[in-house]
Amino acid sequence: MAKYNLGTSANVVQLKKRLIELDIIDEMKGRIQFLDPMYKHWLATRYFTVR
């Protein structure tokens, strides 16, 4: 949480809830999945700089 400046664990729960409400992610069978593959790609390459 500190590495990505996410704040407290309660904040992470709220962020997750909001992403689900915005249809960016979904929780299926206990796993988090991106609903938009391009958003996943953008997040990985632009925000987290994962290649």
Side-chain angles (χ1 to χ4, degrees):
M1 290 187 306
K3 181 178 180 179
Y4 297 109
N5 196 24
L6 297 175
T8 66
S9 59
N11 189 49
V12 172
V13 170
Q14 290 300 316
L15 292 170
K16 176 184 160 187
K17 181 179 175 184
R18 185 67 178 140
L19 290 172
I20 290 171
E21 289 171 359
L22 292 171
D23 290 327
I24 294 173
I25 64 172
D26 196 11
E27 190 169 11
M28 298 177 196
K29 298 180 183 177
R31 297 191 63 182
I32 303 295
Q33 297 182 352
F34 281 91
L35 297 176
D36 182 350
M38 287 308 297
Y39 186 82
K40 179 181 179 180
H41 174 75
W42 173 84
L43 191 64
T45 59
R46 302 295 178 185
Y47 188 79
F48 296 116
T49 61
V50 176
R51 307 253 177 213

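Excluded from the calculations below are hydrogen atoms, water molecules and symmetry mates; all remaining heavy atoms, backbone and side chain alike, are included. Quantities reported herein were computed from a predicted structural model and do not represent experimental measurements.
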Worksheet item: Hey, what else clusters with Met28 if you join Ile, Leu, Val, Met, Phe, Trp, Tyr whenever side-chain heavy atoms sit under 4.5 Å?
Response: Leu35
Worksheet entry | Distance in Å, Lys17 NZ paired with Glu27 CD, rounded so as to fall on 0.5 Å steps | 13.5 Å
Worksheet item: So which heavy atom on Asn11 is nearest to which on Leu6, and how close?
Response: ND2-O, 2.5 Å
Response to the item:
In short, Lys16 meets Ile25 closest at the heavy-atom pair O-CD1, 3.9 Å
Worksheet item: From Leu19 CG over to Tyr39 OH, what is the distance, rounded to the nearest 0.5 angstrom?
Response: 6.0 Å
Worksheet item: For the atom pair CD1 (Ile24) and CG (Leu15), what is the distance rounded to the nearest 0.5 Å?
Response: 11.0 Å
Worksheet item: Shared ILVMFWY cluster between Ile32 and Leu22, side chains joined below 4.5 angstrom?
Response: yes
